[in-house]
Student: 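The structure's right below; bear with me while I get my questions together.
Just so we're on the same page: letters track the sequence lines, and every chain starts at 1. All values reported here derive from a predicted model rather than from experimental measurement.
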Amino acid sequence: MDFTFSEDQLLFRDSVRDFLVNEVTPERVRASWEKDDGRDAELWQQLAELGLCGMTVPEDFGGLGMNELDFVLLAQECGYVALPEPLVNTALVAVPVLSRLGGEAASEYLPRIASGELRVAVGCSENGLVEDAAQAGLLLWAEPEAFYVLTAEQFSTRYNPSVDPSRRLYAVELGSDAKPVATGDQAQALYQAVLDRGALGAAAQALGLAQRMIDISVQYSSERQQFGKPIGSFQAVKHHMANVAVRLEYAKAPVHRAAYALAEDAAGASEAVSHAKLVACEAANLAAKNSIQVHGAMGYTWEVDLHIFMKKAWALAGSFGDTGFHKQRIAEHIFADGAALGAGTTFA
Amino acid sequence: MDFTFSEDQLLFRDSVRDFLVNEVTPERVRASWEKDDGRDAELWQQLAELGLCGMTVPEDFGGLGMNELDFVLLAQECGYVALPEPLVNTALVAVPVLSRLGGEAASEYLPRIASGELRVAVGCSENGLVEDAAQAGLLLWAEPEAFYVLTAEQFSTRYNPSVDPSRRLYAVELGSDAKPVATGDQAQALYQAVLDRGALGAAAQALGLAQRMIDISVQYSSERQQFGKPIGSFQAVKHHMANVAVRLEYAKAPVHRAAYALAEDAAGASEAVSHAKLVACEAANLAAKNSIQVHGAMGYTWEVDLHIFMKKAWALAGSFGDTGFHKQRIAEHIFADGAALGAGTTFA
Amino acid sequence: MKLNFTEQQNAFREEIRTWLAENVPAEPLKTFDTEEGFQQHREWEATLNKGRWGMVTWPEDLGGRACDLIEWLIFEEEYYRAGAPLRVNQNGIFLLGPTLMEYGTQEQKERFLPRMATGEDVWAQGWSEPNAGSDMAAIRSTAKREGDKYIINGQKTWSTRAVWADWLFGMFRTDPESERHRGLTFILVPLDTPGITVRPIPQLDGLPGFAEIFFDNVEVDVSNRLGDEGAGWSVAMATAGFERGLMLRSPARFQETARRLVELYRANQASADRDPGVRDAVIRAWMDAESYCLSTYQTACRLSQGGKIGAESSTNKIFWSELDQNMHGTAMSLLGARAELLPHAPDAQGVGTWLDGWMFAQSGPIYAGTNEIQRNIIAERMLGMPR
Amino acid sequence: MKLNFTEQQNAFREEIRTWLAENVPAEPLKTFDTEEGFQQHREWEATLNKGRWGMVTWPEDLGGRACDLIEWLIFEEEYYRAGAPLRVNQNGIFLLGPTLMEYGTQEQKERFLPRMATGEDVWAQGWSEPNAGSDMAAIRSTAKREGDKYIINGQKTWSTRAVWADWLFGMFRTDPESERHRGLTFILVPLDTPGITVRPIPQLDGLPGFAEIFFDNVEVDVSNRLGDEGAGWSVAMATAGFERGLMLRSPARFQETARRLVELYRANQASADRDPGVRDAVIRAWMDAESYCLSTYQTACRLSQGGKIGAESSTNKIFWSELDQNMHGTAMSLLGARAELLPHAPDAQGVGTWLDGWMFAQSGPIYAGTNEIQRNIIAERMLGMPR
């Protein structure tokens, strides 16, 4: 039993955090909002050079050969800066799924993804819309009975603007020449793999977003004066933030367990993911609610940075399975006949 | 449209409040807990002399001829002092139901109830247990298909202690000679009448209990010093109480509307009662939770008076239809095809 | 107690219902946070005024109908039920209008109220300053008396509608030596006066719902003062009372939201029921909206009989703002993956205006005194807890 | 990261599971808030100690098994899973024991620890005073040094288990001139010393779960002092840390409650589902209990590798105490009309111990530092907000 991250994992996290906090400033996020395609090619290239696009690509294909657990701390950091680039969907969802699929598609596309040359988008029918489909050279599209790997010519897109200007969402329509590369049980497994990894990515980002909203609010409330003292010295303001800290603190371990379970292909991984997504997104939603309250009217503006993180938190709550989807998975698990519940069942 | 109580109603409420606050002190409530039957014959006689036992008895039968609306403010005051005597069940439930039944039973028993000579208990199968059944000379027992008026010889009782030592609950077993006095539609209407009036009584008492818990906690927190100042000056303590005050404030009008609807036999009265019971009991439960927190360890003791009111609030939440029962009635109303909802439908 | 409407009240309801059915624009107006939408709303105010429905609570000689509170509630019910446009004029109708009637001179009433009623003058608020948000007594903008002029300098912020409005009402410090509540004066300022700069502040949806206003030696005639010099605090408190209290948030709005939420739930019941918390939240929403309506009618009846509204107006603010947030939050959960889509997104079928409503609902617990301030008021003034 | 147990850990689990299956009393013991129940629980402590299961985290030479945190969690899981009795000895095991090991002299360790392990000495707490509840620095009870004695005067309250306990540990002011945190000393007092009066305080269920203790010139030998004179605060803070932190509330307790709640829901599903909030609350209960377990294991592993626990122990206190209250509150709703019945009521079928648990859960957010104090600590020490 060892529930800690390795020194290497933590060091890598720290260096990526430094990079992201320095490079992906709120100003740069806002700048990317203004672009037609919402994307920042230079940043994407920087991420690729750091090895992040290929982090989970097998070493044989030019990657670092790491897994979901290695990446989960980085996904938190991507949330912390509200990274607009689709790194989490690439490294945590598309690449592991493409690796599972294997074969020609993997050997053809993984090296190009790792180098940053090929952008990949990934979606599933539970979700409907696909992030960055129009910007991607490759689309992985998962349905319960059919799994597709499509190049740009094989699908068309329709833009759907989100409350989070970073998110570029598209309805996709498969071209007449689109043929599934997997069907039946294999497609079902890949469909699950997409949903679970997508949900894990959303959960991990939600943790980072919640932390960022706490940090912003603590700083704002320490500086902003009302009634002759910093508003952060009022007990009501403190308790708003403490309540977020409590929910966030207890959402972390579930997310890390879910990442471990996916990396290890453990039994119960899907329920672990659903648990993680629900508690992490709830923490982020509470962070948004209490942060805007602590900011007062400032929080309601486009000008302060809070809304960058708040809107992403709102958007992620429904992505890769909404609350109903994940609660139902939990309910099916705990209300099943003979379900192993209670003391001593968590790691069984 | 006039949503106010009359001068007379308010004056009567005030005089009853004065009586109750002076006579039904926490010490007297505790004293009645110690008695085998839990009852205070002297107090009951005082209540009868004030006309309260017969308040809703028609004037022809020696009562004051008032209705559910006239009584609802008094029921709140009964809650405020946690009156152990079954006045609310008598005047708000048993008497109106017996009056509706009419006939010999009404003319025989109502005068004796009004005089305080005859104690009456009332129960329904939704509830199971009956308050004061063993202390009563008369039992009204309502089932959906059969309504009974039984004298003490016609039923037996089995005591079931409650967390609220004031409540003397009994399972009742009907004797072999017990015959329904009403069946079919009439029984169904009486069954509804018992449930609705019982629930209204619980709701009105819950309002009074919540107010009392606020008052006790405000007083305690204004006196109790910690860190060199009264704990009531801490914002967290203030907000605990303010939160209760908000919920309580908005639970009052629903209770008054429900009383009006029952008194007027208005359409939708049952939904109005369910709404009232849910919001009033929720306010009382929140009052209990926040009051014990404000009291700190003192609130956890048998010694301070808080628990007298808290335990009654807990008990009433499940009485005359629990949360599920009443929520289901609301759900059936609002999710029905063609339900009239939205602006302008409340008094339609 | 008598919980049904008189024949007269029913006739009034019928009259406004008929008028609205004939006059409410078939196409929803653009939001008044855009210039085009602002103009549309200004025209709608004129239309309302032509029908004498603009300021129903105002006296008849000012173009109103002298409605009592119950009639006003009926009006609001029909207004929301008909899906009529939001009121761009609400600062005037509900805040400045009543204040003018109470504190204005005859000349001021005649000068300002009719143009307010027609929508010719739309009013912005000038309460908050960068360092005086919840703490209005910290106002620093000055109005220096010089002859029959005030020379205004300073900065206001969070001024709603100010981007396209015509006038501003606000508080300024006329006694530079004064502190806190003393020495403040209530002044009405034409927004086209030289020296005024209006800087729009984009809100969560990116549109300029409010603005910062900079005053650089702005000259205003003394006749634009409302109430006595130095008495601004008590004038403003009356206004704030109108805002917090009954008048601003009629139950109809929340009951319509609850009705739409029930509809949304029923239209998506299969997916919604995967999360049992949603059904529960919908039931609670309906109950709370109903409680709010009942309590408002009860308060209105009490006030009609000469009762006063006190600290319980703070319970009002908390109740409706949290209800509004909860209802829209429930809709967001219910809509799941679609919740994030802007209304014009091509695949946003059925999301309606919930996202806009959700963002707007975030402001409820903040403006007109944060809910934390309201809780302090309840604890200290209504419950008598120590300061 | 490796989230499964070693062979050795599995063997340990097997060993305690087997022992418990053979030794846990078939009939539940009476509550230790009665004299008879107290005695039964003291005997159970002796039984546990015979099996060397009494103080598993203590060193082997003190009758323990030197369990690390993971083994302790496993022990607790099996202990709760088996429905074994509550620990009357918990003040000793979790609070005074570790404090003695850290601050006690060799003589003190030998004198107190073995008798604590066998249950021969059961310990009561002496922290709070009537005017020093959450504010421990306000302690006024004095211990005046006279030669090799302390003469204790004053009053303690909320002393858990004190009614039938043998010893008390607590803090007393040895420097009468001192204020706040200074001048306090940690002293161990035999409860049968002349001058001590113990007055039981009945708690919500009417039983004396705690007591007031009056000290009237009580003489205690200086050898009963733990740590230096005047250093009581830092010794006590260590103890309070043990109480608030990881050690006191193992996840097993809450996971078992969540399991029973799921069972209760399933046994009453038809009536429970009339209130959709119940099903939602049950799902949340399970998730939160699971989160608590996962987080505890994560913290335990971090601590095993030399990490420190800081202000996040305050998040721990809030999380479990609110979870416990929510779970029992959900059970109360679920039981409806039966919820109010005492367990021995003849028609109380199926209510189990939920009512007792509900009342007990009310104390969670209060004791060992109210949750309000914990929130302050989180805000100030963990988040760095201004005081």
Side-chain angles (χ1 to χ4, degrees), chain A residues 1-6 9 69 214-215 217-219 221-222 229-233 235 237-254 256-257 259-261 263-264 266 272 274-276 278-279 282 327 330-331 333-335 337 339 341-348, chain D residues 1-6 9 13 70 74 76-81 251-253 255-256 258-260 262 265-266 279-280 282-283 286-288 290-302 305 307 312 314-316 318-319 322 372 374-380 382-387:
Chain A
M1 177 62 57
D2 177 10
F3 209 149
T4 60
F5 289 91
S6 69
Q9 286 166 330
L69 181 64
I214 291 177
D215 290 352
S217 302
V218 166
Q219 188 181 351
S221 66
S222 301
K229 47 185 180 172
I231 60 171
S233 64
Q235 206 178 19
V237 173
K238 283 181 184 169
H239 288 197
H240 278 325
M241 284 297 112
N243 288 337
V244 182
V246 171
R247 294 311 301 184
L248 174 57
E249 194 63 25
Y250 284 86
K252 290 174 185 168
H256 300 159
R257 193 264 301 259
Y260 175 86
E264 296 287 317
S274 288
H275 175 203
L278 287 167
V279 295
E282 193 163 84
K327 258 193 199 168
I330 297 289
H333 171 55
I334 66 176
F335 298 139
D337 288 330
L341 306 175
T345 59
T346 301
F347 300 105
Chain D
M1 193 171 295
K2 192 162 172 49
L3 300 187
N4 43 37
F5 296 105
T6 62
Q9 286 164 339
R13 186 188 291 279
I70 301 300
I74 293 169
E76 291 280 298
E77 284 168 359
E78 294 305 316
Y79 195 87
Y80 277 96
R81 200 178 156 278
R253 173 179 148 197
Q255 290 186 289
E256 281 299 299
R259 181 186 61 69
R260 290 192 300 114
V262 168
Y265 168 74
R266 294 190 66 190
R279 184 179 170 93
D280 193 49
V282 173
I283 295 171
W286 180 81
M287 288 200 295
D288 279 353
E290 186 81 350
S291 296
Y292 188 71
C293 174
L294 290 165
S295 299
T296 306
Y297 267 92
Q298 193 167 44
T299 305
C301 290
R302 200 169 51 74
Q305 297 181 17
E312 62 267 36
S314 291
T315 66
N316 179 286
I318 291 171
F319 195 86
E322 294 188 347
E372 287 74 31
Q374 307 302 342
R375 288 192 166 86
N376 289 352
I377 294 173
I378 292 167
E380 291 165 11
M382 188 169 150
L383 305 180
M385 293 175 79
R387 279 178 182 264

Student: Counting heavy-atom pairs closer than 4.5 Å to chain D, which one of A/I231, A/V246, A/V279, A/T345 comes out on top?
Tutor: A/V246
Student: Name the region of D/E78, side chain, backbone, both or neither, that has any atom closer than 4.5 Å to a heavy atom of chain A.
Tutor: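 No part of D/E78 comes within 4.5 Å of chain A.
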Student: Name the option with the most non-hydrogen atom pairs under 4.5 Å to chain D; the candidates are A/Q235, A/Q9, A/R247.
Tutor: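 Most pairs with chain D among the choices: A/R247.
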Student: At a heavy-atom distance under 4.5 Å, which candidate from A/V237, A/I330, A/D215 has the highest pair count against chain D?
Tutor: A/I330
Student: Let me know if D/Y79 has heavy atoms under 4.5 Å from chain A in its side chain, its backbone, both or neither.
Tutor: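 It is neither, since no heavy atom gets under 4.5 Å.
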Student: Report which part of A/L278 has an atom under 4.5 Å of a heavy atom belonging to chain D: side chain, backbone, both, or neither.
Tutor: side chain
Student: With a 4.5 angstrom heavy-atom cut-off, which part of A/H256 approaches chain D: side chain, backbone, both or neither?
Tutor: both
Student: Report the option among A/A242, A/S274, A/A276 that has the most heavy-atom pairs separated by less than 4.5 Å from atoms of chain D.
Tutor: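 So the answer, after comparing A/A242, A/S274, A/A276, is A/A242.
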Student: For chain D, which of A/H239, A/K252, A/E282 has the most heavy-atom pairs under 4.5 Å?
Tutor: A/H239
Student: Can you say whether A/T4 sits under 4.5 Å from chain D via the side chain, the backbone, both, or neither, judging by heavy atoms?
Tutor: both
Student: Measure distances from A/Q219 to the heavy atoms of chain D and classify the residue's part below 4.5 Å as side chain, backbone, both or neither.
Tutor: neither
Student: Among all residues two or more places apart in sequence or in another chain, which pass the ring pair (Phe, Tyr, Trp, His ring centres under 6.0 Å) test with D/F319?
Tutor: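 Scan of D/F319 (ring pair (Phe, Tyr, Trp, His ring centres under 6.0 Å), adjacent residues dropped) gives A/Y250.
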Student: Counting only heavy atoms closer than 4.5 Å, note whether A/L69 contacts chain D via side chain, backbone, both or neither.
Tutor: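 The side chain, not the backbone.
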